[in-house]
Amino acid sequence: MFDVSFSAQTTSQSQDPIHLQRLRSFELKHLDSAMTYEILATIRAPNCEVARLTFTSRLEGHPMESFFTVRLSHFFNLMQRGTDTDSCNINYHSETAVSLGWTGACDIFLEMETLAFARDTFLWLTEPTETSHSKKPVQLSIDLHGADSQTTRDILSMLEGLGVQSIRLGLYVPAQEALQHLLNSDPSKQGLSRWSFPELHTICINGDILSEDWADFVTALRRRQEDATSSLDDQERPKSITRVIIGLYYVEENHERLVNFRSTYWPNGMDQVRSLLGPEGEVIWPSASAERHCRVPLRHPYDEETRLRTIISCDEDLDALRLAQKEAERRVILASRQRNTFSLINTLPVDLLIDIFHHAVYSGSFVECDMPITLILVCHHWNQIVNDTPTLWTSIQKSSDRPLKKVLKALEKSKNAPLDISFDSWSFDPEQEEFLLAIFPYAERWRELSLERLASAAELGALATLSAPLLKSIRITFDGALEWEEPHPLDLFRGDSLPKLKRVQVHQLPIRWNPNLLCNLTSLEISYVSSFGPALDEVLAVLSACPDLESFSANNVLFSAQTVGQSQDPILLQRLKRFELQHLDPPVTKAILAKIRAPNCETGALSFRSRPEGNPLESFFTVNISHFFNIMRRRGEKDFCSIGYDFDGTVMFEWTGVCSIYIEMENMAFAKDTFLWFTAPTVSSLSIQPVKLTVGLHGANSQTTPDILSTLDGLGVHSITLGPSVPTQEALQHLLDSDSSKQGLSRWSFPALDTIWIDGDILPEDWTNFVNTLRRRQEEAIGPLDDHERPKPVVKLVIGSYYTDQDHDQLVNFRSTYWPKRMDQIRSMMGPEGR
């Protein structure tokens, strides 16, 4: 219980004692002394082993009268079963307060008014009230700080006969006066009583001894040592001083004092004191860290013979301790192994444990490649199992933060098991070359090879000479631009047939398209090949050799000038689900599409390296590839088309859905015709759902904006985005107004429009016209006309989406213009579902 403030209620004297038989630890710290007293008087804890008591304020009067009374003797009788490590510290403070600290089975700290109170309390703690208790002597340690000549004499007189074994004299205590009292004897007395401190064996002097007092100190110490080794009986002799510490307070900052101390005592004075302490004595002086700052030359205090003898003795002791340590470690290992043998998990069959370890290493799609190393550290039994199971070491993973030595260890322990090789470095890995050279000798055991973000291709030439009959998957990519220096593409694995190979992915690496090697694949991806690109007939030959192909992707590949023979038969890929041709030359894309038959294709992506010449419907989207797009037209409502101007005046056409297509065109009419071609299949049996046409206007000015909107009239545009440079009011007028001269739904240019995005904002002078136009559109949308004659209401309006926190001035102006009244005005017209 710590720092608790109690109420003024007191404990009833008639309250029965509280018996806590199992209480082992008991702490009352920084409570009021009266509350501590009442708690101790009530508790009965016969088995308490550790207790700590401190008080928030100094006890009033004598502690023996106000606190340490008969009512508490039951508690302290238990605590007085002391050990040799118990100690008592009596400290005299400069503010005339005395503190008593008792450390051992019971830790007590309290402040008292006089030293006499501390003496009485110490005697009470060292003398148990029950004679049956075995009480060992305590190590009484005295600290004197802030004491002048008079108080020093008073304190030492008070402490006589208490069995003080160690004393520390503070920096400002008159050392010579205190030492005279501590070491001298009274010849008028007999026996052990002649000495005031017969148990004293350690003296610590924080400061130093004045030069004029040194001879008196040495004389007093010599008499004490002579009496301690005299012919008197043991009970009549004082203990000898075995430890003297002088000048320990000095540190590096006390340079001048340290120099003076060294010049006074070193080395003769220290050798003189050491000779008096005997072979077991010890003299301590300022640490070696201060020696670097001392200008006085220092020498080692021992002679050469003593130094060598000490070193030899220490070496013998160290050798014996090391042998004992090894023996203890061996016994610990044997005991741990024996104990682990009886662990419940180790009673499982070894085969079941191996299955569990496999689940730990190969957890789903993620491989814990360092898990085997963790498992072998658990116990000796697991160590043997893991090291004897090669399949736990088959995941060979290397990255910039995983050292090569772990890879080499796994390769060694995998024995003859198939390997899954992986290299992936997000930053430069200086061990890349060593890693590749380390794995090449194991090519016949490769099951999967993934080399991602390689820094160079210098070592990959070796792949042309290796054999990998177990290989199922290969993936090679590079970080940055690859400079292929060979005069020909890489012929992987000597062009041999690999019957188990199913997945191939290469990035920037030119390979030879060999149907003998690249056959029976399920996935083939090639990207960013700018040199030694394949010929079309080579690619089609590989595709013909892969009837089970499920995914094919070619991205940014520069094909050679060879063309496809016109008589080649179509390639039927019944299982093809994903088909991507991106950033290739349009003739290449068209030629591949014309030959492929993929009736079950689900996703596709097309984009072109350059703009097709003329109308795409004449140069690209022709009859000979319509079979492919008839499949792609089986789309859902999530398909959409975006048509807009780029900043350089180019028209961008993008179709996103089951088939993703991006193509640049010369004018908006081409884009409109292409969109209509996509929405009108050549096979009438195909079920076509309407698309949501999204139009983005960027880089359009006052002249091009009406042209674009007129071209898109009647295409069923659902959503439109007006870029920041588009004349907003002109575009909104065209989008929302109706032509009263027409009838039915044709009155509105964009009757399906329900979402408007305005990247910029609407000028204040145009706001009223916009509100009136929007109001008319909304009123017509909920008017009395039939559904097929009414336009859709606008349900989503986004204004100022182009602004970010960095556009502070524009953002402040926008908010001051539209917020909040104008926004509320718009929201009220859009109904409960609008936003």
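No experiment lies behind these values; they were computed from the predicted model shown.
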A.B. asks: Given the rule in the side-chain contact (heavy atoms from CB on, under 4.5 Å) test, do L392 and H358 qualify, once you have shown the distances and angles that lead to the verdict?
C.D. replies: CA-CA 6 Å; L392 293 173; H358 272 107; 3.8 Å; yes

A.B. asks: If you count every heavy atom of other residues, nucleotides or ligands that lies below 6.0 Å from Q338 atom CD, does the total exceed 12?
C.D. replies: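 At most 12 heavy atoms, drawn from other residues, nucleotides or ligands, come within 6.0 Å of this atom.
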
A.B. asks: Closer than 4.0 angstrom, basic N to acidic O: yes or no for R330 and E327?
C.D. replies: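 Answer for the salt bridge query: yes.
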
A.B. asks: Main chain of K239, side chain of R224: is a donor-acceptor contact present, judged purely on distance under 3.5 Å?
C.D. replies: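 Answer holds: yes.
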
A.B. asks: For the pair R453 and D424, find out whether any cationic side-chain nitrogen is under 4.0 Å from an anionic carboxylate oxygen.
C.D. replies: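 A salt bridge links R453 with D424.
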
A.B. asks: State, to 0.1 Å, how close L419 and S414 come at their nearest heavy-atom pair, and which atoms those are.
C.D. replies: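 Closest approach of L419 to S414, heavy atoms only: CD2-OG, 3.4 Å.
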
A.B. asks: Check the pair R322, D319 against salt bridge (Lys or Arg N to Asp or Glu O under 4.0 Å), reporting the backbone distance first and the verdict last.
C.D. replies: CA-CA 5 Å; R322 291 190 183 103; D319 291 340; 3.4 Å; yes

A.B. asks: CG/L159 to CZ/F197 distance, rounded to the nearest 0.5 angstrom?
C.D. replies: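 Those atoms lie 5.5 Å apart.
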
A.B. asks: How long is the gap from CG on L182 to CG on L169, to the nearest 0.5 Å?
C.D. replies: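 Here the interatomic distance stands at 6.5 Å.
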
A.B. asks: Would you say W446 and I439 make side-chain contact, with heavy atoms under 4.5 Å?
C.D. replies: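 Sidechains of I439 and W446: in contact.
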
A.B. asks: Can you run down the ring-ring contact (aromatic ring centres under 6.0 Å, His included) pairs that involve residues 390-424, sequence neighbours left out, and say none if there aren't any?
C.D. replies: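 Qualifying pairs: F423-F435.
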
A.B. asks: Are the side chains of V332 and S336 in touch, meaning some heavy atoms are under 4.5 Å apart?
C.D. replies: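 Contact flag for V332/S336 side chains = yes.
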
A.B. asks: Looking only at atom types and distance, does a side-chain atom of Q21 sit under 3.5 Å from a main-chain N or O of N47, one as donor and one as acceptor?
C.D. replies: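 No, the answer is negative, given that no donor and acceptor are paired below the 3.5 Å cut-off.
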
A.B. asks: Only counting residues at least two apart or in another chain, list the ones meeting salt bridge (charged side-chain N to carboxylate O under 4.0 Å, His left out) with R243.
C.D. replies: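 Here the qualifying residues are E282.
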
A.B. asks: Evaluate V378 against V386 for side-chain contact (heavy atoms from CB on, under 4.5 Å), listing each step before the verdict.
C.D. replies: CA-CA 11 Å; V378 173; V386 174; over 6 Å; no

A.B. asks: Return yes if some donor-acceptor pair links the side-chain N/O of R445 with the main-chain N/O of A417 below 3.5 Å, else return no.
C.D. replies: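 It does hold such a pair.
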
A.B. asks: Using side-chain heavy atoms (C-beta onward) and a distance below 4.5 Å, is L221 in contact with I203?
C.D. replies: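 A side-chain contact under 4.5 Å is absent here.
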
A.B. asks: Are more than 12 heavy atoms from other residues, nucleotides or ligands located less than 6.0 Å from atom CD of Q384?
C.D. replies: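 For Q384, atom CD is crowded (more than 12 foreign heavy atoms under 6.0 Å).
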
A.B. asks: What are the two closest heavy atoms between P390 and D388, and how far apart are they?
C.D. replies: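 Heavy-atom minimum between the residues: CD-O, 3.4 Å.
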
A.B. asks: Does N416, at its CG atom, have more than 12 non-hydrogen atoms belonging to other residues, nucleotides or ligands within less than 6.0 Å?
C.D. replies: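 No, not enclosed.
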
A.B. asks: Taking atom OG1 of T121 and atom CD1 of I108, what is their separation to the nearest 0.5 Å?
C.D. replies: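 Answer for the OG1-CD1 pair, T121 versus I108, is 9.5 Å.
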
A.B. asks: Would you name the heavy atoms of S166 and V164 that are closest together and state the gap between them?
C.D. replies: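 Shortest heavy-atom contact: O-CG1, 3.4 Å.
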
A.B. asks: According to the interplanar angle, ranging from 0 to 90°, do the rings of F357 and W382 count as parallel (below 30°), tilted (30 to 60°) or perpendicular (above 60°)?
C.D. replies: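 Ring orientation, 0 to 90° scale: perpendicular.
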
A.B. asks: If you take all heavy atoms of I385 and T389, which pair is closest and at what distance?
C.D. replies: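 In terms of heavy atoms, the two residues are closest at O-OG1, 2.6 Å.
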
A.B. asks: To the nearest 0.5 Å, what is the distance between CD1 (I373) and CE (M371)?
C.D. replies: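 One gets 11.0 Å once the value is rounded to the nearest 0.5 Å.
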
A.B. asks: Hey, what do you get for CD1 (I396) to CG (D420), rounding to the nearest 0.5 Å?
C.D. replies: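 The CG atom of D420 is 8.5 Å from CD1 of I396, to the nearest 0.5 Å.
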
A.B. asks: I'd like to check L183 versus I241 (side-chain heavy atoms, cut-off strictly below 4.5 Å). Are they in contact?
C.D. replies: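 When only atoms from C-beta onward are counted, I241 and L183 do touch, with a gap below 4.5 Å.
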
A.B. asks: Consider only side-chain N and O atoms of T391 and Y362, and report whether a donor and an acceptor are under 3.5 Å apart.
C.D. replies: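 Checked: T391/Y362 side chains show no N/O donor-acceptor pair below 3.5 Å.
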
A.B. asks: How about L276 and V244: do any of their side-chain heavy atoms sit closer than 4.5 Å?
C.D. replies: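 Not in contact.
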
A.B. asks: How would you list, by chain and number, every residue that makes a side chain to side chain contact (heavy atoms under 4.5 Å, CB included) with E431, sequence neighbours excluded?
C.D. replies: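 Testing E431 for side chain to side chain contact (heavy atoms under 4.5 Å, CB included), a comparison that skips the adjacent residues, returns K398, L404, D429, E434.
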
A.B. asks: Might you point out which heavy atoms bring S196 and E160 nearest each other, and give the distance in Å?
C.D. replies: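 S196 and E160 have their closest heavy atoms at OG-OE2, 3.2 Å.
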
A.B. asks: Rounded to the nearest 0.5 Å, how far does CZ of F26 lie from CG of L20?
C.D. replies: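 Interatomic distance, L20 CG to F26 CZ, rounded to 0.5 Å: 8.0 Å.
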
A.B. asks: Any heavy-atom pair between the side chains of V407 and R402 that's under 4.5 Å?
C.D. replies: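 Yes, at least one pair of side-chain atoms sits under 4.5 Å.
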
A.B. asks: Between H381 and L353, what is the shortest heavy-atom contact and its length?
C.D. replies: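 Shortest heavy-atom separation between H381 and L353 comes out as NE2-CD1, 4.0 Å.
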
A.B. asks: Report, as yes or no, whether the 6.0 Å neighbourhood of atom CD on E444 holds more than 12 heavy atoms from other residues, nucleotides or ligands.
C.D. replies: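 Open.
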
